[in-house]
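None of these values were measured; they are calculated from a predicted model.
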Amino acid sequence: MNQKNLEIHSRFSKICWVTIISVYFLILVGGVVRSTGAGMGCPDWPKCFGSWIPPTSESQLPKDYETIYLDQRVEKNERFVALLESVGLPNLADNVRNDESIIEIEPFNATKTWIEYVNRLIGALIGLFIIATFVYSLRLRKTDPFIPALSFGALVLVLFQGWLGSVVVSTNLLQWMISVHMVVALILVCLLLYIYFRADNSRFEGNGNSKEGLSKIRWVMGSAMVLMLVQIVLGTQVREEVDVLASHFEYTNRDQWIPELGISFLIHRSYSLLLLGLHLYFAYLVFTRFASKTKIIRMTGFLIGLLALVIISGGIMAYFAIPSFIQPVHLLLGSLIIGFQYYIWLELGTYSKSPKII
């Protein structure tokens, strides 16, 4: 690859990296929205109370604003139910149709409205970053035509994520919809990480020689990644229970929430020990296989540090009445772990083909 193409790849990698960081920041902000109960701060989408700049007081709204926006949500949910039925999910469609919590009305709260509005502004900024990533990726079409295709896929995924966000609002923060919204965000992160990885490594050609022992290390990391995804699913179930309790207690008396949580919380808490053990075993394999100061060693160290932090943050929530500021941090740390796991897994695949391992 000539110098010009190397520079194009380098600039694209930087753009892609900024986009990845911005997506993680949006995940953090989304956690703040959930922990503060501000998800329905704007009852419509993409506007907020019918305006691109939301109101600061209830006096700025029409007297029947609650009915107006409820009717809009009901109409949108009818279309969503029809979509679920058309794709062969009649039972799920019935659940949405008959869920009375969906038509509950959220009273106006200026603070919650602006928290949700800022969340949407950041989401729109992410969209611009994704567009910039795709546009610049077109310059790589000759050296790696797969990168523009993947970048276009990321753009489509962001549009789909935006639509999901509108459904989350119209269904009044239906719990499983929030979980789907989160899973799609993680898929987007992994897709962007692969685009970044491919752009950063497409200039190198491996010699095809496998390295003894690396397949086992990569298999262990793949297993850890799958188990972490299971842990995140368990975490979303716990979070759904917490959201229900938070609404029941009107976001007060947090010390009473933990005793009310079910078996999902106990499994989620104990499951973290299994994850810790598997990751320590992976670290042992890496530290005894690779020389110091290599990229894989640094990334593994960061991964173990993130895992320790997420366990600590989980302990703080369990034993200190779920402080609201810890919830988004816990979510962000878990999301970062998935990203690090996936990138390490990709890196190990490259090392197995490259003569420059140690």
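For the pair Glu85 (side chain) and Ala82 (backbone), a donor-acceptor distance under 3.5 Å is absent. Thr171 places a side-chain N or O within donor-acceptor distance of the main-chain N or O of Val168, the cut-off being under 3.5 Å. Within the 3.5 Å criterion, the main-chain N or O of Leu275 finds no donor-acceptor partner in the side chain of Gln231. Remark: side-chain polar atoms of Arg139 are not paired, donor with acceptor, to backbone N or O of Tyr136 under 3.5 angstrom. Side-chain atoms of Tyr343 do not come within 3.5 Å of backbone N or O of Phe197 as any donor-acceptor pair. Within the 3.5 Å criterion, the main-chain N or O of Gln256 finds no donor-acceptor partner in the side chain of Glu260. A donor-acceptor pair under 3.5 Å is formed between the side chain of Thr19 and the backbone N or O of Ile15.
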Checking side-chain contact (heavy atoms from CB on, under 4.5 Å) for the pair Trp176/Leu92: CA distance, chi angles, key distance, verdict? CA-CA 11 Å; Trp176 65 267; Leu92 196 57; 3.6 Å; yes

Ile232/Ile337 under side-chain contact (heavy atoms from CB on, under 4.5 Å): CA gap, chis, key distance, verdict: CA-CA 10 Å; Ile232 286 180; Ile337 287 173; over 6 Å; no

Does the pair Val23 and Leu26 meet the rule for a side-chain contact (heavy atoms from CB on, under 4.5 Å), with working shown? CA-CA 5 Å; Val23 172; Leu26 183 60; 5.6 Å; no

Evaluate Cys48 against Thr113 for side-chain contact (heavy atoms from CB on, under 4.5 Å), listing each step before the verdict. CA-CA 8 Å; Cys48 187; Thr113 292; 3.6 Å; yes

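With a 4.5 Å cut-off on side-chain heavy atoms, Val242 and Val238 count as touching. Contact check for Met40 versus Glu104: no side-chain heavy atoms found under the 4.5 Å cut-off. Using a 4.5 Å cut-off on side-chain heavy atoms (C-beta onward), Ile131 and Leu155 make contact. By the 4.5 Å heavy-atom criterion applied to side chains, Ile68 and Pro62 are counted as neighbours. You'll find the side chain of Leu70 reaches within 4.5 Å of the side chain of Arg73, heavy atoms only. The shortest distance between side-chain heavy atoms of Asp44 and Val169 does not fall below 4.5 Å. Within the 4.5 Å cutoff, the side chain of Ile344 has no heavy atoms near those of the Val286 side chain. Taking the side chain as every heavy atom from C-beta outward, Met182 and Ser179 never approach each other to under 4.5 Å.
Here the closest heavy-atom approach between residue Thr252 and residue Trp257 is recorded as O-NE1, 3.2 Å. Of all heavy-atom pairs spanning Cys190 and Ile338, the tightest one is SG-CG2, 4.0 Å. Across Ala199 and Leu140, no two heavy atoms sit closer than the pair CB-CD2, 4.3 Å. Minimum heavy-atom separation, Pro148 to Pro145: CD-O, 3.2 Å. When all heavy atoms of Pro328 and Gly31 are compared, the pair lying nearest together is CB-C, 3.5 Å. Here the closest non-hydrogen pair linking Pro46 and Trp52 is CG-CH2, 3.9 Å.
For Trp219, there are no ring-ring contact (aromatic ring centres under 6.0 Å, His included) partners at least two apart in sequence or on another chain. Partners of Glu78 according to the salt bridge (charged side-chain N to carboxylate O under 4.0 Å, His left out) rule, which considers only residues two or more places apart in sequence or in another chain, do not exist here. Residues satisfying the salt bridge (charged side-chain N to carboxylate O under 4.0 Å, His left out) test with Glu106, not counting sequence neighbours, are Lys112. Taking Asp71 as the reference, nothing meets the salt bridge (charged side-chain N to carboxylate O under 4.0 Å, His left out) condition, with sequence neighbours excluded.
Note: Phe12 CZ to Thr143 OG1 = 10.0 Å, rounded to the nearest 0.5 Å. Interatomic distance, SG of Cys42 versus CD1 of Ile115, reported as 10.5 Å (0.5 Å rounding). Interatomic distance, CD1 of Ile122 versus CD1 of Ile27, reported as 12.5 Å (0.5 Å rounding). Between the CD atom of Gln327 and the OG1 atom of Thr36 there is a distance of 9.5 Å, given to the nearest 0.5 Å. For the atom pair CG of Leu234 and CG of Leu227, the computed distance is 10.5 Å after rounding to the nearest 0.5 Å. Going from atom CG of Leu261 over to atom CD1 of Ile263 covers 11.0 Å, rounded to the nearest 0.5 Å.
In this pair, Tyr65 and Phe108 present their aromatic rings perpendicular. The plane angle is above 60°, beyond the 30 to 60° band. Under the 30°/60° scheme for interplanar angles, the aromatic rings of Trp114 and Tyr117 are found to stand perpendicular. Between Phe134 and Phe152, the ring planes are tilted. Angles from 30° to 60° get that label.
Counted within 6.0 Å of CD on Glu7, heavy atoms from surrounding residues, nucleotides or ligands total more than 12; the atom is thus considered enclosed. Atom CG of Leu273 has more than 12 heavy atoms from other residues, nucleotides or ligands within 6.0 Å.
When the side chains of ILVMFWY residues are joined at heavy-atom separations under 4.5 Å, either directly or via intervening members, Phe80 and Tyr69 end up in two distinct hydrophobic clusters. Hydrophobic clustering (side-chain heavy atoms under 4.5 Å, transitive across Ile, Leu, Val, Met, Phe, Trp, Tyr) keeps Leu331 apart from Val233. Residues Leu121 and Val33 are members of separate hydrophobic clusters, defined by side-chain heavy-atom contacts under 4.5 angstrom among Ile, Leu, Val, Met, Phe, Trp and Tyr. Hydrophobic cluster membership differs between Leu159 and Leu83, with clusters built from Ile, Leu, Val, Met, Phe, Trp and Tyr side chains linked at under 4.5 angstrom. Hydrophobic clustering, with ILVMFWY side chains joined whenever heavy atoms are under 4.5 angstrom apart, groups Phe160 together with Leu150.
At a cut-off of 3.5 Å, with distance as the only test, a side-chain donor of Arg198 or Tyr194 sits close to an acceptor on the other residue.
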For residues 300-325, please give each side-chain donor-acceptor pair under 3.5 Å, one per line with the distance, not counting sequence neighbours.
residue : atom : partner : partner atom : Å
Thr300  : OG1  : Ile296  : O            : 2.8
Ser313  : OG   : Leu309  : O            : 3.2
Ser313  : OG   : Val310  : O            : 2.8
Ser313  : OG   : His330  : ND1          : 2.7

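Applying the side chain to side chain donor-acceptor pair (under 3.5 Å) test to pairs two or more places apart or on separate chains, those with a residue in residues 273-285 are Lys216-Tyr281, His279-Gln341.
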